[in-house]
Engineer: 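The structure under discussion is supplied below as structure tokens; questions concerning it will follow.
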2 protein chains.
Amino acid sequence: MSKKISMNDIARELNISITTISFILNGKAKEMRISDKLSQRVLDYVKEKNYNPNTVGQSLRTGKSRIIGLVVEDIADVFFASVARLIEEKAYKKGYKIIYCSTENNTKKTIELIRMLRGRNVDGYIVTPPKDIEHEVSSLLSEGLPTVLFDRYFPQLKTNYVGIDNYNGAKTAIEHLAKQQYKHIAFVTLDSGQTQMADRLRGYQAAIDDAGLIPHLLEVEFSAKPQKLVQQIIDYLTQNKNIDAILFATNYLALRGFEALQQKQLVIGEQIGVVAFDDHAFFKVFNPPISAVAQPMKELSEHLIETLFKNLNAKGDQQITPVEIILKPELIIRQSSSKKL
Amino acid sequence: MSKKISMNDIARELNISITTISFILNGKAKEMRISDKLSQRVLDYVKEKNYNPNTVGQSLRTGKSRIIGLVVEDIADVFFASVARLIEEKAYKKGYKIIYCSTENNTKKTIELIRMLRGRNVDGYIVTPPKDIEHEVSSLLSEGLPTVLFDRYFPQLKTNYVGIDNYNGAKTAIEHLAKQQYKHIAFVTLDSGQTQMADRLRGYQAAIDDAGLIPHLLEVEFSAKPQKLVQQIIDYLTQNKNIDAILFATNYLALRGFEALQQKQLVIGEQIGVVAFDDHAFFKVFNPPISAVAQPMKELSEHLIETLFKNLNAKGDQQITPVEIILKPELIIRQSSSKKL
DNA sequence: TATGAAAACTAAACGGTTTTAGCAAAATGT
DNA sequence: ACATTTTGCTAAAACCGTTTAGTTTTCATA
């Protein structure tokens with residue numbers, strides 16, 4: 001397999017100009033009126049020697065890299081990992097690779113990451129932004145770098161955004177619980193203040209109001225360690241013994257919540273009704289199966305990548321107006337939220 | 001924030017040579033006898049203008065990219081996603097980024113992926129190899145490109161490898177089940193023929209033999225759709241009604257298995273004992289909690305990245321002899337595998 | 001047989017950094 | 001006073017592919 005050969009090598013070997021090779025390899029042979037005979041000779045040689053253009057050279061010259069930067073909160077989280085996988089698949093088909101980074105929701109780290117990606121000529125950005133990076137994002141925009149936000153957004157910033165209707169997702173879940181005759185429905189969420197969380201909270205409050213119930217809100221510390229999270233939920237349940245149902249604002253919170261319920265010996269689906277935001281493969285086979293507000297993962301990823309590609313392909317300064325795509329989540333009702341009457 | 005400034009811009013602005021700037025910025029000022037005064041002037045200017053060297057230029061020149069290629073079976077799988085996250089964190093601290101790709105265990109796709117990464121001057125490779133890519137891997141090796149395999153390996157190939165003792169992992173799990181007086185312990189695995197699966201199977205067989213029990217083996221189709229997997233397990237259980245415990249060879253198989261058990265109305269921990277290979281966050285809060293053979297994720301990732309870095313830092317042709325690191329998995333016993341006596 | 005135009009191809013610049021080799025000036029030694 | 005060394009800095013090549021702005025050759029037309 002020897003070492004890689006370069007365009008220069010080919011030019012020397014075939015005794016033609018490097019430019020000619022470039023034209024032929026980039027499908028500009030016709031346009032540049034290269035004879036079919038020469039074209040074929042080059043193409044054959046290239047195939048024979050198994051030549052691959054050096055991506056780095058291309059990138060340096062063109063300023064493009066065919067790399068998409070995926071900047072998410074935590075790549076180990078099922079939600080983000082699933083999105084990553086689906087995006088990767090679609091990107092791959094169009095010849096793009098993904099560089100991913102986990103922000104840990106850390107503003108400083110995220111800014112560093114975006115700068116690094118920029119230094120690498122990354123062509124497009126898919127980002128779940130933490131707080132206070134409006135400036136960094138808008139600087140991407142002002143440089144005309146295709147960017148799509150997802151999961152959360154900045155209300156003041158006109159960007160591409162793909163997400164779900166968190167308000168109605170939460171509202172529908174609460175309506176369902178209310179219909180099941182649960183009377184003291186708690187909402188366990190994070191104090192992160194991000195838009196998706198705020199929207200879910202508003203949905204919860206609206207539905208509770210509509211049903212004439214009392215709100216029970218637990219906002220746990222965003223950056224707390226798992227053990228502390230569990231303890232906070234246990235304490236809350238101990239102090240609010242009347243709670244008969246819980247909506248967890250994320251998958252991860254549900255996990256911690258289940259630990260708390262386990263320790264309090266409260267049986268899901270019997271003493272307490274449960275719905276979780278974001279579905280999880282294992283929810284279906286839980287005992288009892290767990291109800292969930294499911295995000296349409298495939299659609300989400302499709303819209304993300306398509307929006308990005310639309311901007312990627314927009315030639316030059318031809319500005320594309322940012323789009324906001326809000327998808328409908330689906331409430332999947334399983335036994336964890338049905339009172340055995 | 002205007003457009004990026006280049007070394008050329010700095011050189012022109014400060015009226016000095018580009019070379020001098022390079023020396024100063026790369027800590028070679030002393031060595032190259034640049035005066036402190038000039039050094040400081042450049043450093044100040046660079047800071048003021050918020051200059052960042054163009055990574056693509058550096059990469060073209062040096063042949064290095066500070067990128068690690070992570071080629072795993074499926075980035076959406078918790079096991080791989082967790083490894084990805086841990087590796088990313090460590091790599092980031094050393095100034096490396098990750099490009100990841102999912103192989104789907106497809107040999108052809110994997111070869112393409114590795115070639116693409118090579119074209120991007122990726123500095124090192126962490127790979128869970130599918131079948132029949134020995135040649136591609138050994139060609140990486142022969143070019144001196146740092147490579148570490150994990151999860152599975154090629155017995156005939158002398159490579160860096162980090163994995164766990166799958167044989168004893170399975171063996172210990174079965175010993176535990178046998179001690180719990182389970183008499184007909186099945187092993188549900190894949191027909192993929194990969195080393196990690198083969199090792200687990202050998203461990204199962206050895207333990208079954210030692211305990212004087214009859215083996216019950218179900219090898220499901222590797223590439224089957226979820227629904228088909230579930231059906232295969234259901235059929236197997238229907239035809240082998242005496243089975244009272246199951247060891248699932250992977251997390252993913254356990255998920256399908258649980259679906260099958262659910263449909264057969266067999267209650268885990270009561271009618272049937274269960275242990276899964278690979279732990280999962282949700283196993284702890286299952287009802288009943290699921291026993292698992294847990295891989296030491298942190299250690300695994302640490303060894304992966306450290307082995308890679310050792311090779312990355314090995315100057316020139318100074319060959320480092322490949323290492324094989326086999327970690328001990330831990331059997332976490334929960335209620336799913338204890339007979340209520 | 002000029003004249004113009006199309007056809008076929010190429011030199012050179014560009015992009016940003018690193019490295020090699022080396023030059024001029026100042027300092028030191030004899 | 002002259003040779004040698006050290007200091008401080010730089011030009012130019014290299015890395016690899018793309019693009020601009022040509023040049024030369026060939027062919028058709030008047």
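Lettering follows sequence order; numbering is per chain, from 1.
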Engineer: Return yes if some donor-acceptor pair links the side-chain N/O of A/Arg118 with the main-chain N/O of A/Leu140 below 3.5 Å, else return no.
Structural biologist: no
Engineer: Classify the nucleic acid contact of A/Lys30 as base, sugar-phosphate or nothing, counting any heavy atom under 4.0 Å across all strands shown.
Structural biologist: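 Touches nothing.
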Engineer: Students often get this wrong, so: under 4.0 angstrom with heavy atoms, is B/Asn26 touching a base, only sugar-phosphate, or nothing?
Structural biologist: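 Sugar-phosphate only.
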Engineer: Are side-chain N/O atoms of A/Thr110 and A/Glu136 paired as donor and acceptor at under 3.5 Å?
Structural biologist: no
Engineer: For B/Ser6, report the nucleic acid contact type (base, sugar-phosphate, nothing); a contact means any heavy atom under 4.0 Å.
Structural biologist: sugar-phosphate
Engineer: So, A/Asp9 side chain and A/Ser6 main chain: donor-acceptor pair closer than 3.5 Å or not?
Structural biologist: yes
Engineer: Taking the six-membered ring for Trp and the single ring otherwise, decide whether the centroids of A/Tyr100 and A/Phe80 are under 6.0 Å apart.
Structural biologist: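 No, too far apart.
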Engineer: Please report, rounded to the nearest Å, how far the C1' atom of D/dC15 is from the CG atom of B/Asn121.
Structural biologist: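 Between C1' of D/dC15 and CG of B/Asn121: 10 Å.
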Engineer: For D/dG17, does either OP1 or OP2 sit under 4.0 Å from a side-chain N or O belonging to A/Tyr51?
Structural biologist: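 True: A/Tyr51 side-chain N/O within range (under 4.0 Å) of D/dG17 OP1/OP2.
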Engineer: Are B/Gln40 and B/Asp36 close enough that a side-chain donor and a side-chain acceptor fall under 3.5 Å?
Structural biologist: no
Engineer: Show the nearest heavy-atom pair for residues B/Arg152 and B/Asn105, with the distance to one decimal.
Structural biologist: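 Scanning both residues, the minimum pair turns out to be NH1-OD1, 3.3 Å.
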Engineer: Can you tell me how far P of C/dC14 sits from CG of B/Asn8, to the nearest Å?
Structural biologist: 10 Å
Engineer: Give the angle between the helix axes at the two ends of the helix from C/dT1-D/dA30 to C/dT30-D/dA1, taking five base pairs at each end and rounding to 10°.
Structural biologist: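 For the helix from C/dT1-D/dA30 to C/dT30-D/dA1, the axes at opposite ends meet at about 60°.
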Engineer: Has the side chain of B/Thr62 got a donor or acceptor atom that lies under 3.5 Å from a matching backbone atom of B/Gln58?
Structural biologist: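 Present.
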Engineer: Does A/Lys109 qualify as a cation-pi partner of B/Tyr92, given the criterion of NZ or CZ under 6.0 Å from the six-membered ring centre and within 45 degrees of its axis?
Structural biologist: yes
Engineer: Counting only heavy atoms not in A/Glu13, do more than 12 sit closer than 6.0 Å to its CD atom?
Structural biologist: no
Engineer: Taking OP1 and OP2 of D/dT18, is either one under 4.0 Å from a side-chain nitrogen or oxygen of A/Lys64?
Structural biologist: no
Engineer: For A/Lys37, answer base if it contacts any base atom (sugar-phosphate contacts may also be present), sugar-phosphate if it contacts only those atoms, and nothing otherwise; contact means non-hydrogen atoms under 4.0 Å.
Structural biologist: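 Nothing, no nucleic acid heavy atom in range.
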Engineer: For the pair made of CD1 in B/Ile5 and C1' in C/dG16, what is the distance, rounded to whole Å?
Structural biologist: 12 Å
Engineer: Please give, in whole Å, the distance from C/dA13 P to A/Leu60 CG?
Structural biologist: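 The distance from CG of A/Leu60 to P of C/dA13 comes to 17 Å, rounded to the nearest Å.
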Engineer: Between P on D/dG17 and CG on A/Leu25, what's the gap in Å once rounded to a whole number?
Structural biologist: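 For the pair A/Leu25 CG and D/dG17 P, the rounded distance is 9 Å.
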Engineer: Tell me whether the side-chain N/O atoms of B/Gln58 come closer than 4.0 Å to OP1 or OP2 in C/dT18.
Structural biologist: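 Yes, within the criterion.
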Engineer: Please tabulate the protein-to-nucleotide N/O contacts below 3.5 Å involving nucleotides 7-10 of chain C, giving atom names and distances.
Structural biologist:
unit_1, atom_1, unit_2, atom_2, d
C/dC9, OP2, A/Ser35, N, 2.9
C/dC9, OP2, A/Ser35, OG, 3.2
C/dT10, OP2, A/Ser17, N, 3.2
C/dT10, OP2, A/Thr20, OG1, 2.7

Engineer: Rounded to the nearest angstrom, tell me the gap between atom CD1 in A/Ile21 and atom P in D/dT19.
Structural biologist: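 It is 15 Å, rounded to the nearest whole Å.
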Engineer: Can you tell me how far C1' of D/dA12 sits from CZ of B/Arg61, to the nearest Å?
Structural biologist: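 It is 12 Å, rounded to the nearest whole Å.
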Engineer: Provide the closest heavy-atom pair for A/Phe154 versus A/Ile133 in the form atom of the first, atom of the second, distance.
Structural biologist: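 So the two residues come closest at CZ-CG1, 3.8 Å.
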Engineer: For the pair made of CE in A/Met7 and P in D/dA14, what is the distance, rounded to whole Å?
Structural biologist: 19 Å
Engineer: When you measure from the side chain of A/Asn54, which nucleotide among C/dG15, D/dC16, C/dT17 comes out closest?
Structural biologist: D/dC16
